[in-house]
Asker: 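Once you've had a glance at the structure underneath, I'll fire off some questions.
Within every chain, numbering begins at 1; the chains are lettered A, B, ... in the order of the sequence lines, protein sequences first and strands thereafter. These numbers come from the heavy atoms of this one structure, side chains and all, not from hydrogens, waters or symmetry mates. The structure presented is a predicted model; accordingly, all values stated were derived computationally and were not measured.
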Amino acid sequence: MDILIYGLVNSFIYVLMAAGFTLVYGVSRLPNFAHGALYVLTGFLVWTFVNSAGLNYFVSILITVVIVALLGAFLYRFVLMRVRGMPVSEIIVSFAVALIILEGLRLQGIGGFKGFIGSSYTLPTFIDRTVSIAGVVIDAQRLLIVGIGLAIVIFMWIFTRRQKIGLAFRGMAQDEHAAMMLGIDSDLMAVLALAVGSSLAAIAAVAIYPLGQVTAETGYHVLNAALAVCIVGGLGSWMGAILASFIFGYATTFASFMGAAKYQDVILFGLIVLVLIIRPSGLFGRQKELEERV
Amino acid sequence: MKRPVVLLIVVLVLTSSLIIVFGGGCGENKEEALVIGITVGRAAVYGQNSELSAILAAEEINNAGGVNIGGKSYPIKLEIVDTRDEEPGVPTSDVLLTVEKLLLEKKVDAVTGGPSMSECSMALLDLYAKHKVPNIVASGTWTPAWSKKVGEDLEKYKYSFRLSGHVGYWASDAAAILDQIKEKFNFDKLYVSSSDAAHTVAAAKAIKELAVERGWQVVGEETHPMGSTDYAALMRDCTNSGAQVLFWWDCKPEVGIGIKQWHDMQVPAILFGFLNPLDEATAWTSMDGKVVSAIQFNGEGGCLPDSNLTPITKDFFDAFVAKYDDEPRGCGNVPTYTALYALKEAFEKAGSRDADKVVAALEEMEMVTTGGLLKFDPTNHQALYGTDPDEALVGQWLQWQDGKRVCIYPPTAALAEIELPPWMQ
């Protein structure tokens, strides 16, 4: 039962971490390596609004999600658009932006800024209590993560099937050229995808950070997790990302509860290799298949 | 089109030259100040601690008239460099280059601070030996291998001293605390956990062995990856094992997740060890009081409120709070602060800037400091640590009680007795 419940929670943590990255890649074919940095930036922005500006926690979250969404849009419009279509440049540029954000947050000295260093930066939990489900004790924040993750999955499903912009996203994801022939503006869709993807990173941050500390180092971990999920699921595939999240969530939880916690990373990366050997494009990916057809 | 480019280059060259000459790049007049290099990894807590305390000590010394060398007073000039040793992906070779640049360009009289990573400090021993620069490691570098290496060729490494302690000292402290717990609560079941890093695994192993020698039964142990985000399995296993004490050594900030889970799942075991977030003075508020009764190694002594290890301990604490509006964290602060004063004393006693004379003065040093009596082991230049601040430096262990960091070890400095978590009372 422990494995079932904590596996579910950890699966949704992966879903949240990877959702924004998957959406951006699916729509614009841009690997946004600044995804983890935007996640970290969210944590520190909310912390600053609450602790330095004295704003209400939920107002701070709202403002931060909007700021990070705008930042994502600017990132495409003023940086990534210039290198779009050059895969190596896209990776280098977006990773450079990530480094500027992550290392900038730790930088000290400019204008008396102390740098966000140490373990004292935390975000409050939404509900501070524990519950027992079938004898398994779990804190309410973790259950909330499941709820938020589920809400995002349902929202994205409805959004991409019922809303005009969402349908345009799907069109772009399925065939960019055909979508453009039907009048969909590729750059506008990419701007919107970056904005929505970044806001998903921000939502993930405010859901997950209350479990522990806000640190710059988390950015690299989140990027790794998002990449792993997307590669195994199939780059750009929403269903693949969800399935991969569940595989990783349950595999790592199973390892922990079976007394093999220190092999979590071995299992994680072993799974990536295994899946890619069997299905080189990932579980739901189509790149390799399309290349072979051509 | 070519003229503006040539003009731009000329302007840039001139500007750079002016910055170098007047900005102190290579035109520094060494005779006017005692130049101390401070090597810190700024992106990490230890480095930040070292830098803050070095600045504080230098200001105090300069305000009191500087360093009197051979009848002439010199102010201390700090040359602080970021060694970046705790940043991901920074190789040891980069750290060495940074320090060598400091030694060659700034012509420092001595160096203190970090790096905190043991492998970097070990590698630097040869560099300091080559350049014959007195240096005191004062931040992290807790491996016993450092003093072993120095002791094996003291003539070569005579310029290097270590003021921070090492794991051997802290493991003995931890074992003594286990003795106290056993005696007071009649507990004898221990669960040992650590993150999967060489130094944390080694520390956990040392504790396990010492505990067994003292009659403890190790009922469970585990190692988890660094930066784990879920410790539910550890908490469940610890609870099921019947352990009464959970000894946990983990240096990553993410371990805060585990501390909260220990509290939320009300694990019936005293949490005890070295967990990064517990060292923060703000841990009680930032973690909603979920650190209650957790016992934490606070590093080299002198950073806890109300501590009076020596007559000057409180002076340091109050001066730090007054300057930075924050209480000092445990590791790196007191050793670096002390190192500056030790260097002052050594240069004054040497009466010159001659490195060999300064080394001789450090070897003979016996000085009352913030964290106890400072003496270096003549066989390996390691500062001596013990449990009585009148005889040696001490490490301090705290327990979070009523929202405060309270010293519970060593007995000579303890201000309270160990308490059980509320759910175990």
Asker: Out of T130(A), T122(A), I117(A), return the one with the most heavy atom pairs under 4.5 angstrom to chain B.
Answerer: I117(A)
Asker: So for Q261(B), is it side chain, backbone, both, or neither that comes closer than 4.5 Å to the heavy atoms of chain A?
Answerer: side chain
Asker: A232(B) versus chain A, heavy atoms under 4.5 Å apart: side chain, backbone, both or neither?
Answerer: both
Asker: What is the distance from atom CG of D265(A) to atom CG of D196(B), rounded to the nearest 0.5 Å?
Answerer: 9.0 Å
Asker: Please flag which part of Y324(B) lies under 4.5 Å from any non-hydrogen atom of chain A: side chain, backbone, both or neither.
Answerer: backbone
Asker: CD1 of I208(A) to OG1 of T229(B): how many Å apart, nearest 0.5 Å?
Answerer: 8.5 Å
Asker: Go through the atoms of S195(B) and report whether side chain, backbone, both or neither lie under 4.5 Å from a heavy atom of chain A.
Answerer: neither
Asker: Is R42(B) close to chain A through its backbone or its side chain, or both, or neither, when contacts mean heavy atoms under 4.5 Å?
Answerer: both
Asker: What's the separation between atom CZ in R106(A) and atom CZ in R84(B), rounded to the nearest 0.5 Å?
Answerer: 9.5 Å
Asker: May I ask you to list the residues in residues 137-148 of chain A that approach chain B closer than 4.5 angstrom, counting heavy atoms only, ordered by number?
Answerer: V137(A), D139(A), R142(A)
Asker: Side chain, backbone, both or neither: which part of D264(B) has an atom under 4.5 Å from a heavy atom of chain A?
Answerer: both
Asker: Checking T282(B) against chain A: side chain, backbone, both or neither under 4.5 Å from a heavy atom?
Answerer: side chain
Asker: Please report the closest heavy-atom contact between A261(A) and P225(B), naming both atoms and the distance.
Answerer: O-CD, 3.1 Å
Asker: Kindly give the heavy-atom pair with the smallest separation between P210(A) and K260(B), and that separation in Å.
Answerer: O-NZ, 2.9 Å
Asker: Does D128(A) come within less than 4.0 Å of K290(B), counting only side-chain N to carboxylate O?
Answerer: yes
